[in-house]
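No experiment lies behind these values; they were computed from the predicted model shown. Quick note on labels: first sequence line is chain A, next is B, and so on, each numbered from 1.
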Protein chains: 2
Amino acid sequence: MREALIEAAARIVATEGRAGLTLRRLAGEVGTSTMAIYTHFGSMEELRRNVRRQGFARLGANLAAVEETRDPMADLALLGAAYYLSATSDPNLYRAMFFDGPVDEEDVGTGLDTFMYLVEGMSRCVEAGRLPKAGTADPAELALEVWALTHGLVSLQLAHLLAPAQAVEHLQSGARCLFLAWGDDPRRLKRSRQRAMARLAELSIDDRQAPSALLFSSQTP
Amino acid sequence: MREALIEAAARIVATEGRAGLTLRRLAGEVGTSTMAIYTHFGSMEELRRNVRRQGFARLGANLAAVEETRDPMADLALLGAAYYLSATSDPNLYRAMFFDGPVDEEDVGTGLDTFMYLVEGMSRCVEAGRLPKAGTADPAELALEVWALTHGLVSLQLAHLLAPAQAVEHLQSGARCLFLAWGDDPRRLKRSRQRAMARLAELSIDDRQAPSALLFSSQTP
DNA sequence: ACTATGTCATAGCAATGTTATGGATTACGA
DNA sequence: TCGTAATCCATAACATTGCTATGACATAGT
């Protein structure tokens with residue numbers, strides 16, 4: 001029952017946004033009564049919290065699905081692509097995950113858990129010697145910077161202040177600036193980017209195959 | 001009456017968040033009836049739209065208050081500081097501006113209007129020859145990248161996924177990466193940063209003087 | 001067999017956004 | 001100065017929201 005409620009709630013949020021998720025609406029959708037939600041969650045806010053958690057779980061699964069190869073920089077680019085595709089293919093769910101607050105320590109924990117996938121990918125780049133000028137900086141600090149850039153671009157796109165084409169363009173150019181500043185070689189970086197592009201089709205976003213090109217349409221207002 | 005309603009609504013949103021702004025609550029706050037809101041705005045969503053617009057107006061005023069000196073790079077750093085301070089000193093209003101949707105073309109216009117202050121500052125840096133490696137890139141594209149970084153860090157801080165100290169640290173280091181990649185000289189960049197730090201006290205955020213240091217506390221959950 | 005516990009259906013409550021109606025005030029032209 | 005139109009807002013009602021009280025039913029444990 002709990003699982004059915006959470007999945008139905010996530011589906012409603014995904015299709016109609018936060019405002020569409022209503023107590024009686026959800027109860028009717030799964031064919032039960034309003035009390036069922038309260039015996040399992042205690043409040044509507046706790047239900048929303050579980051929807052957020054499911055969103056982070058999906059995002060984490062999509063990031064965990066990118067394979068680790070001998071080119072960690074290409075792997076990192078694919079992590080970024082998986083993050084961007086996960087966020088933009090389900091805008092309402094991403095909005096719920098980050099902008100629906102209030103957030104408590106539990107939410108922060110699940111958020112930082114999925115961030116660890118990016119830290120791991122960045123760490124492999126540092127160990128491979130691709131970022132010599134980064135010095136002794138913690139890989140988590142480097143990962144945080146590309147996370148902030150990605151999250152910022154995604155947020156601006158979801159606010160309709162940025163077209164998808166611009167978002168992916170600046171995601172690539174902005175990340176390139178960071179990597180060059182951290183000392184990666186421009187030619188090696190270009191090769192890694194090409195390898196990442198060639199591997200785009202192996203991405204799986206929410207158990208569906210990712211589009212072979214990073215540019216696509218489909219945006220709910 | 002319209003102005004009083006908008007100001008009271010913005011104050012309620014600032015102090016208690018979006019959920020605190022209620023029809024009857026606002027009517028009681030300004031000593032009128034619920035119908036007053038409907039004759040002036042027509043719907044609660046239109047009222048919220050005007051609150052967002054006021055938020056962007058305040059942000060724009062704070063950015064416009066930054067003086068233009070002979071060091072455009074320092075001016076740009078101050079623009080970034082003004083943006084960060086405006087956002088974090090009124091988290092609920094910033095959340096309302098970007099994350100409260102739905103957004104229509106009018107909202108997009110007001111958002112891009114305030115963005116133009118950053119584009120202007122970036123344009124002055126390009127004209128001064130501080131970013132030679134940026135080539136023929138449109139200053140708006142460069143400004144967009146630092147905007148995305150700033151907005152991303154602010155958003156992560158407002159989601160409690162980032163402490164304020166981390167946010168300002170990565171705001172500086174991330175922007176430094178971008179400027180270095182665009183060809184600014186590390187020593188000139190350092191001097192501009194020092195000049196910007198020395199001018200922090202001249203910032204005015206919402207008609208109050210900014211703190212002399214970029215690091216401060218005060219965060220509503 | 002009897003209790004205990006977890007689960008959900010029914011019904012109701014306060015609060016929400018919205019609308020209908022009408023009274024009060026003001027604007028303005030004859 | 002009067003009459004008419006329009007603007008603004010107070011009162012009251014409506015449907016819908018999240019939430020709670022109460023009790024029926026089923027399953028499990030001793």
Touch class at under 4.0 angstrom, heavy-atom based, for B:Ser33 against every strand present: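 Base, at least one base heavy atom under 4.0 Å.
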
Sugar-phosphate, base or nothing in reach of A:Thr39, heavy atoms under 4.0 Å: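 Answer is base: heavy atoms of A:Thr39 come under 4.0 Å of a base.
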
Please give, in whole Å, the distance from [N] [atom2] to [X] [atom1]?
X	N	atom1	atom2	result
A:Phe41	D:dC19	CZ	C1'	16 Å
B:Met44	D:dT17	CE	P	17 Å
B:Tyr38	D:dC8	OH	C1'	16 Å
B:Ile37	D:dT11	CD1	P	14 Å
A:Leu26	D:dT17	CG	P	12 Å

Given DNA chain D, 5'-ward residue of the pair A:Met35 and A:Leu21, judged by closest heavy atom: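 Looking at the nearest nucleotide for each, A:Leu21 comes out on the 5' side.
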
Nearest-nucleotide 5' precedence on DNA chain D, B:Thr34 against B:Met1: B:Met1

B:Thr22 side chain near C:dA15 phosphate (N/O to OP1/OP2, under 4.0 Å):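 Answer no for this pair, as no side-chain N or O of B:Thr22 is under 4.0 Å from OP1 or OP2.
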
Short side-chain N/O contact to D:dT7 OP1/OP2 from B:His40, under 4.0 Å: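 Negative; the distance criterion is not met.
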
Aromatic ring proximity, centroids under 6.0 angstrom, A:Phe98 and A:His151: yes

Whichever of A:Arg24 and A:Gly31 has its nearest DNA chain C nucleotide further upstream toward 5':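 Result of the comparison: A:Gly31.
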
A:Ser86 side chain reached by A:Arg58 side chain, heavy atoms, under 4.5 Å: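 The answer is no; the side chains never approach within 4.5 Å.
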
Which nucleotide in D:dG18, C:dC8, D:dC9 has an atom nearest any side-chain atom of A:Leu23: D:dG18

Qualifying residue, where the test is side-chain contact (heavy atoms from CB on, under 4.5 Å) with B:Ile205 and the options are B:Asp90, B:Leu85, B:Leu59: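 Result: among B:Asp90, B:Leu85, B:Leu59, B:Leu85 is the only option passing the side-chain contact (heavy atoms from CB on, under 4.5 Å) with B:Ile205.
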
Donor on one side chain, acceptor on other, A:Ser173 and B:Glu145, under 3.5 Å: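 B:Glu145 and A:Ser173 do have a side-chain donor-acceptor pair below 3.5 Å.
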
